[in-house]
Amino acid sequence: MPPSSRFEPASIKNKIKRQEVSRKNKRAKSQSKLQKRLAQAKLEADDPTAKKKRLAENVPRTLDNTREFDPSVLTAQPEPSTSTLQPTSSSPTEPLLEESQADLQSDAFSTYFSSLFSTDPSIPPKVLITTSFKSSKTTYGFCDELVGIFPGAEFIRRKKGKGFEMGRVASWAGGRGYTNLMVVNEDMKKPNAITIVHLPEGPTAYFKLTSIVSSHKITGHAKQTPHHPELVLNGFVTRLGHAVGRMFQTLFPPVPEFQGRQVVTLHNQRDFLFFRRHRYAFRSTEKVSLQEIGPRFTLNLRSLRKGIPAVQNLGKAPKPLEFDNGEELMEEPSVPPGMGHEGSDEDGEEGGADEAGRKKLVEPPKQDEYLWVWKPELETTRRTFFL
Amino acid sequence: MPQFFTGDELGNIKSLSYSTTSKASAKPTEPITLHDGSSFGKEKAIQALAIGSTSAGEKLVSAACADGTVVLHEFNEGKLNRRYEWKETRCKPGQKYVGLAISEQTVYSCTSNGALQSTSFSSLGDESLRHETASLPTRLCDWRLSADGKSFAYGGDEVELSVWDTEKAFVAPSISTSPPPSSASSKKRKRGDELLPGEIWRAKNVPNDFLSLRQPVHVTSLTYLPSSSSSHHNLLAGTMLGNVRRYDTRAGRRPVADWSSISKVGGIKVVEAGFADHEVFVADQGCNMYAMDLRNGRILYGYRGIAGAITSIAPSPSLMGSTSLDRFFRIHSTHPPPSAPEQRQEERGDVVEKIYVKSIPTVVVWDQEPESSKPEHDDDDIWEGMEDVGEESDGDDESEQKNIRKKNGL
């Protein structure tokens, strides 16, 4: 019997001998593993069903496919979770789907999606991109790249001074027919968060923004073209995830231009939304290759608010007690005085295109109502995901 | 086994009953849809719910919808039978119901633009409804009827907390609506700050802050405290700036207690008096809900694991129900405050169960059925039951403290 099998290497006092024995043991182990694999490969080369069976049985347990059950998962068969966690019977899911369907159809984005049937699908939705107050060069660079991503996007510098709060900007933008407002926030001279406001009435989503790689930093990146991209939303399964996914749908034109062969992907994995943009090329009838256009970044939802961002004007003169007696009292001016002037400042940049297409302004609320807020205590396990 | 009714943004009314005994079986409580309004979308969203019972013992559930209709159902054997439906014509788009209450054979409803209506019927079979209207100030945020139905209170954005006599409010609608040139009359009122006809008491704004700046008035939520009686009223109001104020109508117009920075995110959204002594529940615009001690304004404990803003709280003698914007209905356990205010609260309430209700619930009410499930609802029964709970737990507190003392070797 060789000494390696008689003694545990750790029990050998002599260092040289111990190392030798340990090395031998290791080698024998890896050799036997290799032999096993070779035998298995040989067996599976003869019998392809065996390989299939092995792959079907040998599914690794990941955080993703053992996620905690979330009752708001809308698909009857949520791909990762059903196999291990919830054997969902068909009968209780039926009314759930029905009512959830009604809930989805009457949510905040439903008016946008229903209006798509009456408008020209080739016109991209207008997106206003702006920054937080006092932004720096990196943020402006990132905003330029964002403008390249969204076909209907337009960058407008954030005005200085009071009176240009996010809620007020959102209210004006909603009056001008923008569908979304994006505000890139920066901290330490780097973009660190994005607020996306669906206009005119909300909701407002606040995302943490990390891992930004601009296009020119990606080696072998493709050039972007102004074509409408296709949109791939991956892995949004819960009701909250659907709300976020639908919000991103409203940022892109409903009909892509396929000759551009551009795909924008938002891949949700463990609540991180990975943004990627690619161009695909069909190399042959079977092969397709991808070339990244960029930029890359990662979003993480931190909060979802019901309306547009709140504006607290605490110094405002108090209104007296009013009584609603007749119709005339309720007729408030649609554009409060002073707002029109500031609005026309912004208009100067866009050229005053749609004076006629103005809608009634939605007043920003005085208080934010949070539909969902991330807090550390919500993540009871590492397998809890919300999107 | 308390039962709760919830109304949601799709116009559904659901009932949820939680049995404390079935905890072992670990079967989740299933919401039962009593009234399905999801075919209308959000235009029939339920904004207020109220529960009451007639003198004949019939149980009534009233719901106020976003399109201005108020529906009165009779709740019988687990089913809602629609009895009456009427429309508030003064409720305009953009306004919402801020209060709904049933007191015997009368349903009171109030919208945010101050359209107060009382609808009464002599008996349930009776076809004719008697409507009376009164007009209150606009920009209301909350409206509550007192437990005996003799007074009501409201508050809102630049509308101070105010208590009205219910009868007088409807007696003189011509006077209260008479100042159509409201600018002139409001100036006069501002000068004198005099009470409106029917108004019993109106709060006065808190003094200016240390920079001599006026504090904005914005009452977001209010509730009658159980210590109020017909002659005087004890009220609790939450403000947009995160203050919780306690008012006593005998003690002048300023708050007897003003506790600031109770809320963590935004202002106070909901305040609700609990069933134990000195216990109130406070929720803020973020996702926090606390139990508060009324004696010193201290937070006793907070509830964990709430992800959306609380829309409504419904305490019951044993458990508490709450609805939040993250589409969950939660059942909470409560613990009464310690017998002396300076004592430490050892136990804390917890979320016993959370139930996904598929659409955003807006309001929850407790069905006011005493635990012994007597057919007739009586307030006294509830108060008696509540005291028992308080006494028991007080005893527990003391025994525990003794234990602690023993442990510490004292």
Side-chain angles (χ1 to χ4, degrees), chain A residues 70-74 92 95-108 110-111 238-240 303-306 310 312-332 360 362-363 365-375 377-380 386, chain B residues 8-10 12 28 30 33 36 38-39 41-42 90 92 94-95 113-115 135-139 157-160 176-177 179-180 182-183 185-187 189-190 196 213-214 216-218 220 240-241 265-267 269 285-287 304-309 325-328 355-356 358-360:
Chain A
D70 190 317
S72 73
V73 171
L74 290 175
L96 181 141
L97 283 179
E98 212 170 86
E99 199 182 334
S100 300
Q101 209 52 256
D103 184 37
L104 258 183
Q105 276 161 10
S106 64
D107 74 347
S110 57
T111 45
T238 65
R239 182 65 186 82
L240 183 68
S303 73
L304 188 67
R305 279 173 269 176
K306 200 177 184 189
Q312 269 192 340
N313 196 351
L314 297 178
K316 217 170 158 188
K319 292 182 209 155
L321 277 191
E322 282 172 0
F323 288 87
D324 184 13
N325 297 321
E327 304 295 313
E328 79 285 343
L329 210 142
M330 282 313 294
E331 292 299 321
E332 286 172 13
K360 196 171 181 292
V362 175
E363 278 280 298
K366 289 201 166 178
Q367 287 273 292
D368 285 323
E369 272 188 299
Y370 285 91
L371 291 172
W372 185 83
V373 190
W374 182 85
K375 322 190 248 192
E377 71 186 50
L378 294 177
E379 286 188 350
T380 45
F386 304 105
Chain B
D8 64 25
E9 283 199 344
L10 288 179
N12 299 326
E30 277 288 316
T33 306
D36 188 10
S38 55
S39 53
K42 278 200 177 145
R90 296 177 293 166
K92 301 188 180 101
Q95 306 292 338
N113 59 346
S135 99
L136 303 178
T138 57
R139 303 189 304 265
D157 181 10
E158 293 302 335
V159 178
E160 272 288 5
S176 66
T177 52
S182 60
S183 56
S185 67
S186 66
K187 261 181 213 159
R189 213 171 296 128
K190 210 174 168 186
L196 296 164
L213 293 173
R214 177 184 173 273
V217 175
H218 196 153
T220 50
M240 192 194 64
L241 292 181
V265 183
K269 197 169 156 85
Q285 301 274 356
C287 47
R304 291 172 66 82
I306 301 171
L325 289 178
D326 58 357
R327 297 189 175 77
F328 275 103
I355 300 146
Y356 184 70
K358 295 164 209 161
S359 60
I360 295 177

Subject >> Arg139(B) CZ: over 12 foreign heavy atoms closer than 6.0 Å >> reply: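 Yes.
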Original post:
Of all of Leu378(A), Thr380(A), Leu240(A), which one pairs up most often with chain B through heavy atoms under 4.5 Å apart?
Top reply: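 Most pairs with chain B among the choices: Leu378(A).
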Heavy atoms, side chains only, cut-off 4.5 Å: are [X] and [Y] in contact?
X	Y	value
Ser106(A)	Leu10(B)	yes
Lys375(A)	Cys287(B)	yes
Leu314(A)	Leu241(B)	yes
Leu325(B)	Glu369(A)	yes

**OP:** Quick one: list whatever passes salt bridge (Lys or Arg N to Asp or Glu O under 4.0 Å) with Asp70(A), sequence neighbours left out.
**Re:**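 Result, salt bridge (Lys or Arg N to Asp or Glu O under 4.0 Å) vs Asp70(A): none returned.
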**OP:** For chain A, find which of Leu136(B), Asp326(B), Ile360(B) contributes the most heavy-atom pairs closer than 4.5 angstrom.
**Re:** Leu136(B)
**OP:** Please determine, among Gly308(B), Gly266(B), Pro137(B), Ala309(B), the option with the most heavy-atom pairs under 4.5 Å with chain A.
**Re:**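 That would be Pro137(B).
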**OP:** Start with the C-alpha gap between Tyr370(A) and Val265(B), add the side-chain angles, then the distance that decides, and say whether side-chain contact (heavy atoms from CB on, under 4.5 Å) holds.
**Re:** CA-CA 9 Å; Tyr370(A) 285 91; Val265(B) 183; 3.5 Å; yes
Subject >> Exam field: side chain Gln285(B) to backbone Gln367(A), donor-acceptor pair closer than 3.5 Å >> reply: no
Original post:
Have Asn113(B) and Glu322(A) got a donor and an acceptor in their side chains that come within less than 3.5 Å?
Top reply: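 Side chains of Asn113(B) and Glu322(A): no pair found under 3.5 Å.
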Non-hydrogen atoms of chain B under 4.5 Å away: do they reach the side chain of [X], the backbone, both or neither?
X	value
Lys366(A)	both
Leu371(A)	both
Gln105(A)	neither

Subject >> Heavy-atom proximity to chain A below 4.5 Å, by part of Glu9(B) >> reply: side chain
Subject >> Portion of Asp36(B) that has a non-hydrogen atom of chain A nearer than 4.5 angstrom >> reply: neither
**OP:** In sequence, state the C-alpha distance, the side-chain angles, and the governing distance for Val73(A) and Tyr356(B), and then conclude on side-chain contact (heavy atoms from CB on, under 4.5 Å).
**Re:** CA-CA 11 Å; Val73(A) 171; Tyr356(B) 184 70; over 6 Å; no
**OP:** Please assess Met240(B) against Gln312(A) for the test side-chain contact (heavy atoms from CB on, under 4.5 Å), listing each intermediate value before the final yes or no.
**Re:** CA-CA 10 Å; Met240(B) 192 194 64; Gln312(A) 269 192 340; 3.6 Å; yes
**OP:** Give the minimum heavy-atom separation between Glu99(A) and Lys358(B), together with the two atoms involved.
**Re:** OE1-CD, 3.7 Å
Original post:
When you look at Lys319(A) and Glu158(B), which way does the salt bridge (charged side-chain N to carboxylate O under 4.0 Å, His left out) test go after all the steps?
Top reply: CA-CA 6 Å; Lys319(A) 292 182 209 155; Glu158(B) 293 302 335; over 6 Å; no
Original post:
Would you call Asp107(A)-Lys42(B) a salt bridge at under 4.0 Å N-O?
Top reply: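 Looking at Asp107(A) and Lys42(B), the cut-off is not met.
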